[in-house]
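A note on names: the letters A, B, ... follow the listed sequences, proteins ahead of strands, and every chain is numbered from 1. The structure presented is a predicted model; accordingly, all values stated were derived computationally and were not measured. Note that these values count all heavy atoms, side chains included, but never hydrogens, waters or copies made by symmetry.
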Amino acid sequence: MTNVAVGLQGLTKRFGRTVAVDRVTLEIDQGEFFSLLGPSGSGKTTLLRIIAGLEDPDEGRIVIDGKDVTGLPPYARKVGMVFQDFLLFPHMTVGENILFPLRMQGAPRAERDERLGWIVKLLHIDGLEERFPHQLSGGQQQRVALARGLISRPALLLLDEPLANLDRELRKEMEVEVRRYQRELGIPFVYVTHNQEEALTMSDRIAVMRVGRFEQVAPKFEVYSDPATAFVASFVGHANRMRGRVAALEGGRATIDWDGARFAVPAPGGAGVGAAVDVFVKCERLTVLPSGSAAPAGANRLDGVLRDVIFKGQIADYIVARPSGVEIVVSEAASLPRAKAGDTVLITWAPDTGHGFPAEGA
Amino acid sequence: MAAPRRLFYRSETRFLLLGLPGVMFVVFFLLFPIVSVIVFSFWRTESYEIYADWNLDNYRTVLFEGTYLTFLWRSIVTAVVVTAACLVYAWPVAYFIAKYGGRYRLLLVLALAAPFFTGAVLRLSALQAIMGPIGVINMALGMFGLPAVEFLMFNKFASGIGIAYLYLPFMVTAIYLSLLNFNFQLLNVAKVNGARPWRAFLTVTWPLNWIGTAIGITLVFIPCLAESLTPTFLGGPSGKLYGSVLGLQFDQTGTWALGSAMGVLLFAVCCVVIAVMWWTIDLRRTGFTGAGR
Ligand SMILES: Nc1ncnc2c1ncn2[C@@H]1O[C@H](COP(=O)(O)OP(=O)(O)OP(=O)(O)O)[C@@H](O)[C@H]1O
Ligand SMILES: [Mg+2]
């Protein structure tokens, strides 16, 4: 018995001429929190529906707990699913909704009662069993949907943007809780979202999806700090994109000509001298200093005029305009440095941060 | 200062104005006829004249002279069978249109109702032309030297088909309208949670569309009970129904008082049917969110 809970092999799904899911191969471990992150229309929902058995793949196989379930109908797959708009059964009470999977399995009465008691405690929805879904708040409805997905202890729980309909505050709270339930139960979760913060907060690993394909599958920290493609670099985190040319390559470093200035970044793979490249530097890796300050030795330096400071609480975004008008965003602790709009400033960052990729469509 | 509110804009005035058409309808087209029928049913008719001497003879006749109850019973059985047939037939039709009809939905529903454009008499004549002794079916059988199908001619079965044909569109429309508001996604939820398709239908689709279905059942059952036209065209002597006998009292024998008593009895049966249907509806159990707050 391996540690693999779910195996996807070369899954492909086409709708007419759109390829919604394109040769997706993946293994998810027992007890793993796995997120599918991607923009709208990238095929996340379709992939989940294929795993659940609600959609038949055109090609590929799905293995759950060592068993090939590719041809099996959804009710034979031991998979739970939580949907974006909750989709509670409106004609059943909370208790009946949660017990639905056990009822379908024909679990004995005593077991049902015991499990119900356990799950409502776990999810803090005890006392609501007799209510109907429309008598619940959004957050409560979402918990009920989660409880329904978890009560039968499925081999795998699929979640399709389950928090997207909740307000920001509640979402933050639920992010932490969902993660906690997942740890406690040890059930692997496949969590779909197009919200990168959500994915970064909750996941063990993240797959970044784009037009049906995986751009990068890696532990979340790696996806964030070491993007594999330009798309990942621009989609995860907040980064400045600078399209320039490679002026020189030396010792794993590239010198980039950009906007009348020069700076160094780790050498982009597959781009020779003279090639157009897109360089991404995360906003929080940059520092703004009053112009004329001493930057650390060897650091990259760019001049500019501070156009605006957007205060966000813990941090502030400093919008710096280059002489050409191009803007660069720097995120820093809000108190530093004490610069006003209109001041000339210096942006610096270490030459070993930032990622370059051969420019797409150039 | 706010402008003084004119009479028309006062909420009570608006309430009355909005309510008036409904109240008038109920009074003139429902209450008034019913009350007069009830009154007539206690009077007496003799040689095409009605006399206001109060008595119970009409009810005695209807309830204790076996033939009337026999016809009533026959009508009830016919209505039950026809309604059940319509129900079984209409569900898949309505389901198919609601789920797969796409942008042709409305067109498909209208197509089902199209025979209505021609009026009942014409529709029934058309049926006669299909099922009757010289109808399409028997002509075709005759051409191949096969014997005519007897059971389609002038009997209960033929009039049953006729009635079902007349009222099927009501059933389909009622169920279709209900399914329009049904979230088919819920079926996916049921399936993922372990329900086989049939189970998903019984636990989710059926209860959530029960109001619409109950309306369809009522809309078919009640006119079936009173049906008189179809048996005249297709029923033959054995297919005669309560409605036909009731009609006779008014347009042939001139026994209006007896007819009224028959009408009152029919009305009572309808009330029972509606009460039973109403009793089956638990608003909280239909997904109707306005209830039970
Ligand atoms: N039933 C369908 N018929 C035709 N095309 C479909 C169908 N379902 C999805 N698609 C297409 O497949 C692609 C992927 O859709 P999908 O719903 O999986 O995206 P998603 O990543 O879940 O997007 P979102 O974040 O908006 O939910 C889209 O281009 C979509 O238009
Ligand atoms: Mg989606």
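Among A/Met92, A/Glu96, A/Met81, the residue making the largest number of heavy-atom pairs under 4.5 Å with chain B is A/Glu96. Per-residue counts of heavy-atom pairs under 4.5 Å with chain B were compared for A/Ile151, A/Leu158, A/Asp85, A/Leu87; the largest is that of A/Leu87.
Residue B/Asn183 touches chain A through its side chain alone, counting heavy-atom pairs closer than 4.5 Å. Residue A/Ser152 does not touch chain B at all, counting heavy-atom pairs closer than 4.5 Å. Using a 4.5 Å cut-off between heavy atoms, A/Leu88 touches chain B through its backbone atoms (N, CA, C, O) alone.
Within residues 49-58 of chain A, the residues having any heavy atom closer than 4.5 Å to a heavy atom of chain B are A/Arg49, A/Ala52, A/Leu54, listed by residue number. Taking 4.5 Å as the heavy-atom cut-off, the residues of residues 196-218 of chain B that approach chain A are B/Arg196, B/Pro197, B/Arg199, B/Thr203, B/Val204, B/Pro207, B/Leu208, ordered by number. Heavy-atom neighbours of chain B within the stretch residues 97-110 of chain A, taken at a separation under 4.5 angstrom, comprise A/Phe100, A/Pro101, A/Arg103, A/Met104.
Distance OG1/B/Thr83 to CZ/B/Phe221: 5.5 Å, rounded to 0.5 Å. To the nearest 0.5 Å, atom CG of residue A/Leu156 and atom CD of residue A/Gln30 are 9.5 Å apart. Atom CD1 of B/Ile76 and atom CZ of B/Arg74 lie 13.0 Å apart (nearest 0.5 Å).
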Given A/Glu59 and A/Arg14, is the salt bridge (Lys or Arg N to Asp or Glu O under 4.0 Å) satisfied, shown in steps?
CA-CA 10 Å; A/Glu59 288 155 33; A/Arg14 296 180 203 92; 2.9 Å; yes

Please assess B/Phe32 against B/Phe28 for the test ring pair (Phe, Tyr, Trp, His ring centres under 6.0 Å), listing each intermediate value before the final yes or no.
CA-CA 5 Å; B/Phe32 188 68; B/Phe28 285 105; 7.0 Å; no

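Judged by distance alone, the side chain of B/Arg285 and the main-chain N or O of A/His91 form a donor-acceptor pair under 3.5 Å. In terms of modelled atom types and a separation under 3.5 Å, the side chain of A/Gln9 and the main chain of A/Ile62 share no donor-acceptor contact.
Ion pairing between a basic and an acidic side chain is recognised when a charged N comes within 4.0 Å of a carboxylate O; A/Asp204 and A/Arg179 show such pairing.
No hydrogens or angles considered: nothing links the side chains of A/Tyr191 and A/Gln182 as a donor-acceptor pair under 3.5 Å. Remark: the A/Thr12 side chain and the A/Asp22 side chain contain no N/O donor-acceptor pair separated by less than 3.5 Å. A donor-acceptor contact closer than 3.5 angstrom is absent between the side chains of A/Asn195 and A/Thr193.
For the pair A/Phe214/A/Leu36, a side-chain contact is recorded, criterion being any heavy-atom separation below 4.5 Å from C-beta on. Side-chain contact between B/Tyr167 and B/Cys224 is present, with heavy atoms from C-beta onward closer than 4.5 Å.
Using cut-offs of 30° and 60° on the angle between ring planes, the pair B/Phe184 and B/Tyr95 is perpendicular.
The side-chain contact (heavy atoms from CB on, under 4.5 Å) check on B/Val77 picks up B/Trp73, B/Val81, with sequence neighbours excluded.
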